[in-house]
Amino acid sequence: MSRLHPGGLDPKLREECGVVGIYGHEEAANLAYLGLHALQHRGQEGAGIVACDGERMRAFRGLGLVGELFGPEELDKLSGHSAIGHVRYSTSGESNLRNVQPFVVRYGGGQVSIAHNGNLTNAARLREELEGRGSIFASSSDTEVILHLLATSGQGTFINRLVDALLQVEGAYSLVLQTEDMLVAVRDPHGFRPLVMGRVGDAVVFASETTALDLIGGTYEREVEPGEMCIVEAGGRVTTLSPFPRRERKACVFEHIYFARPNSKVFGLPVYDSRFSFGRALARAHKVEADLVIPVPDSGTPAALGFAFESGLPFKQGLIRSHYVGRTFIEPSQQIRDFGVKLKLSPVRSVIEGKRLVVVDDSIVRGTTSKKIVRVLRESGAAEVHLRISSPPIKASCFYGVDTPTREELIAYRLDLEETCAYIGADSLGYLSLEDMHAELGRAPDTWCDACFSGDYPVSPDALGSKGQLDLFEADGERISQD
């Protein structure tokens, strides 16, 4: 038996979570549920919602997809005018219910719940210090470090405690928190991870992407700015603070390459437009004699359309993606080669056979999946396979909220272009250059975090454990309901 990644493919880089927060709506939990549906692509391991009626918080969290976890019975119990929600993607060995957010705790100042998108680079060191002073942790998540810092702060008000806690952490965070009488949204000073603000009627909404606003009929107002704290209180009044030292803006460029939904606006830019333009630039830089362009669906489709538009080659769907795979753990036979790829991506022989193909994908991580895709296309009769990648080569790990293999596992770190092409088995291989990527985005390169390509880290990884994720518990596979 062999265990496969969900969907049967080796993993791409994975965003670790998405968050949503609603204040001032009588169906806050229902809106949070719909918002999480729209953010499901950001995390498929677990989900949770915490609702508050002004006096009491009620939570429901579980391992699985949003639609599998929440039904009418669960949502009916989550009464209140305020709610926050979270979807989570965990790294290997961390599919654990104790790590599923939002977290809910009671401290000296009352109740607080929190949902976090990002990763603290100094979490392991802070955790060690807190444990040395007597703190007891219930999870292996770096988010819990923030709660302990808040609870042990010597400041008076909740907001002052929160500011005091966040001044001690380093790395990436887009947070939504709620107390009995307020909702707070805050981004780290670099603005690594996205967070937007909008409204549904008079209710204030925060979400990782604008697609969540679209689904619930909300209107987009603006980004939460890097280093900004937005405080929503009774009547929907929003107060903003900028309590942190100014830092260079460092938005994660991979949001525009792969993480975000194509119909989202992230960091103020339409994601679909970015990916289409990446494909056009790729076609200009890596011309090839071919018969047609096909995408690796779904994430490679906008760039493939851009490549076809610029090159004048016809665009066709040579690979059909199944949306009903779910989790697959067992291969039916070792004789069925490339089972994982075929389960999720079915080749269309009538499109492929005898054709010289340009195959467009968004990225290559380890190279194993690309190798299998090329082999499946050749077995379906492709005359030539020219692989084009709408991002630069990934050569370094991320420490700011993205699940990344170690540097040594990244094929672009170990092999040069020719060696990578030979390993994958393609007739040619071309990446989007770092310079062309930044040119198509149209903003100063130093406003983006491109550490996974360049190795230039805006915040140095902590020597004690940059991931801040400790495998302390085994997965228990149950759902928790807190009432």
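All residue numbers in this chain count up from 1 along the given sequence.
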If you count heavy atoms of other groups shown closer than 6.0 angstrom to OH of Y457, is the number above 12? yes
I'd like to know if E409 pairs up with R366 as an ion pair, taking the criterion as any Lys NZ or Arg NE/NH1/NH2 lying under 4.0 Å from an Asp or Glu carboxylate oxygen. yes
Check M197 against V238 and note the closest heavy-atom contact, atom names and distance. SD-CG1, 4.4 Å
Closest approach of V20 to A32 (non-hydrogen atoms, all atoms of both residues): CG1-O, 3.9 Å
Test log, rule side-chain contact (heavy atoms from CB on, under 4.5 Å), inputs F453 and F254: CA-CA 10 Å; F453 307 127; F254 224 85; 3.6 Å; yes
Main-chain N/O of A283 paired with E310 side-chain donor or acceptor, under 3.5 Å: no
Enter the distance from Y23:OH to C230:SG here, rounded to the nearest 0.5 Å. 14.5 Å
Determine whether C252 and F259 make a side-chain contact, defined as any pair of heavy atoms from C-beta on separated by less than 4.5 Å. yes
From F137 atom CZ to H148 atom NE2, the distance as rounded to the nearest 0.5 Å: 4.0 Å
Output yes when a side-chain donor or acceptor of S277 lies under 3.5 Å from a complementary backbone atom of D273, and no otherwise. yes
Pair E255 + R42, salt bridge at N-O below 4.0 Å: yes
Residue pair L387 / I364, side-chain heavy-atom distance below 4.5 Å: yes
If we count only N and O atoms by modelled type, under 3.5 Å, do the side chains of N99 and S140 hold a donor and an acceptor together? yes
Using the side-chain contact (heavy atoms from CB on, under 4.5 Å) rule, take V186 and V224 through it: C-alpha gap first, then chi angles, then the decisive distance, then the call. CA-CA 7 Å; V186 57; V224 177; over 6 Å; no
On the ring face of F307, is R388 found with NZ or CZ under 6.0 Å from the centre and within 45° of the axis? no
Has the side chain of R193 got a donor or acceptor atom that lies under 3.5 Å from a matching backbone atom of S174? no
Flag the pair S264 / D214 as yes when at least one side-chain heavy-atom distance between them is below 4.5 Å, and no otherwise. no
Distance in Å, M229 CE paired with I159 CD1, rounded so as to fall on 0.5 Å steps: 5.5 Å
Output the distance between atom CD1 (I49) and atom NZ (K77), rounded to the nearest 0.5 Å. 14.0 Å
Please lay out, stage by stage, how L175 and I146 fare under the test side-chain contact (heavy atoms from CB on, under 4.5 Å). CA-CA 10 Å; L175 304 172; I146 297 172; 4.1 Å; yes
Quiz question: by atom type and distance under 3.5 Å, do the side chains of N160 and T157 form a donor-acceptor pair? yes
Let me see the working for V200 and I22 under side-chain contact (heavy atoms from CB on, under 4.5 Å), right down to the final yes or no. CA-CA 9 Å; V200 176; I22 296 99; over 6 Å; no
For the residue pair F192 and Y400, categorise the inter-ring angle as parallel (less than 30°), tilted (30 to 60°) or perpendicular (more than 60°). parallel
Here the pair of heavy atoms bringing L78 nearest to A51 is O-CB, 3.5 Å
To the nearest 0.5 angstrom, please state how far the CG atom of N117 sits from the OH atom of Y173. 13.0 Å
Going by heavy atoms in the side chains, are Y272 and N263 under 4.5 Å from each other? no
Mind telling me whether H256 and W448 have parallel, tilted or perpendicular rings, with 30° and 60° as the class edges? perpendicular
Smallest separation among heavy atoms of V100 and G62, with atom names: CG1-O, 3.8 Å
Heavy-atom side-chain contact between F267 and L441 under 4.5 Å: no
Is there a side-chain contact between K265 and V196 (heavy atoms, below 4.5 Å)? no
Measure the spacing between CD of E68 and CD of Q44 and express it to the nearest 0.5 Å. 11.0 Å
Should Y33 and E74 count as side-chain neighbours, where that means a heavy-atom distance under 4.5 Å? no
May I ask you to check whether T143 and S141 show a side-chain donor-acceptor distance below 3.5 Å? yes
Within residues 240-252 or reaching into it, pairs that qualify as side chain to side chain donor-acceptor pair (under 3.5 Å) - sequence neighbours excluded: E225-R249
T301 side chain vs P297 backbone, donor-acceptor pair below 3.5 Å: no
In the structure I gave you, are the side-chain heavy atoms of H116 and C17 within less than 4.5 Å of one another anywhere? no
Minimum heavy-atom distance A115-I84, with the two atoms named: N-CD1, 3.9 Å
May I ask you to decide if L65's main-chain N or O and Q40's side chain share a donor-acceptor pair within less than 3.5 Å? no
Any donor-acceptor N/O pair, E209 side chain to R261 backbone, under 3.5 Å: yes
Between D362 and R275, does any NZ, NE, NH1 or NH2 come within less than 4.0 Å of an OD or OE carboxylate oxygen? no
Please name the pair of heavy atoms, one in A123 and one in D142, separated by the smallest distance, quoted to 0.1 Å. CB-CB, 3.3 Å
Any pair with a residue in residues 176-186 that passes side chain to side chain donor-acceptor pair (under 3.5 Å), sequence neighbours left out, goes on the list, sorted by first then second residue, please. S82-Q178, S113-Q178, T179-D181
Can you tell me if N122 uses its side chain to pair, donor with acceptor, with the backbone of Q168 under 3.5 Å? yes
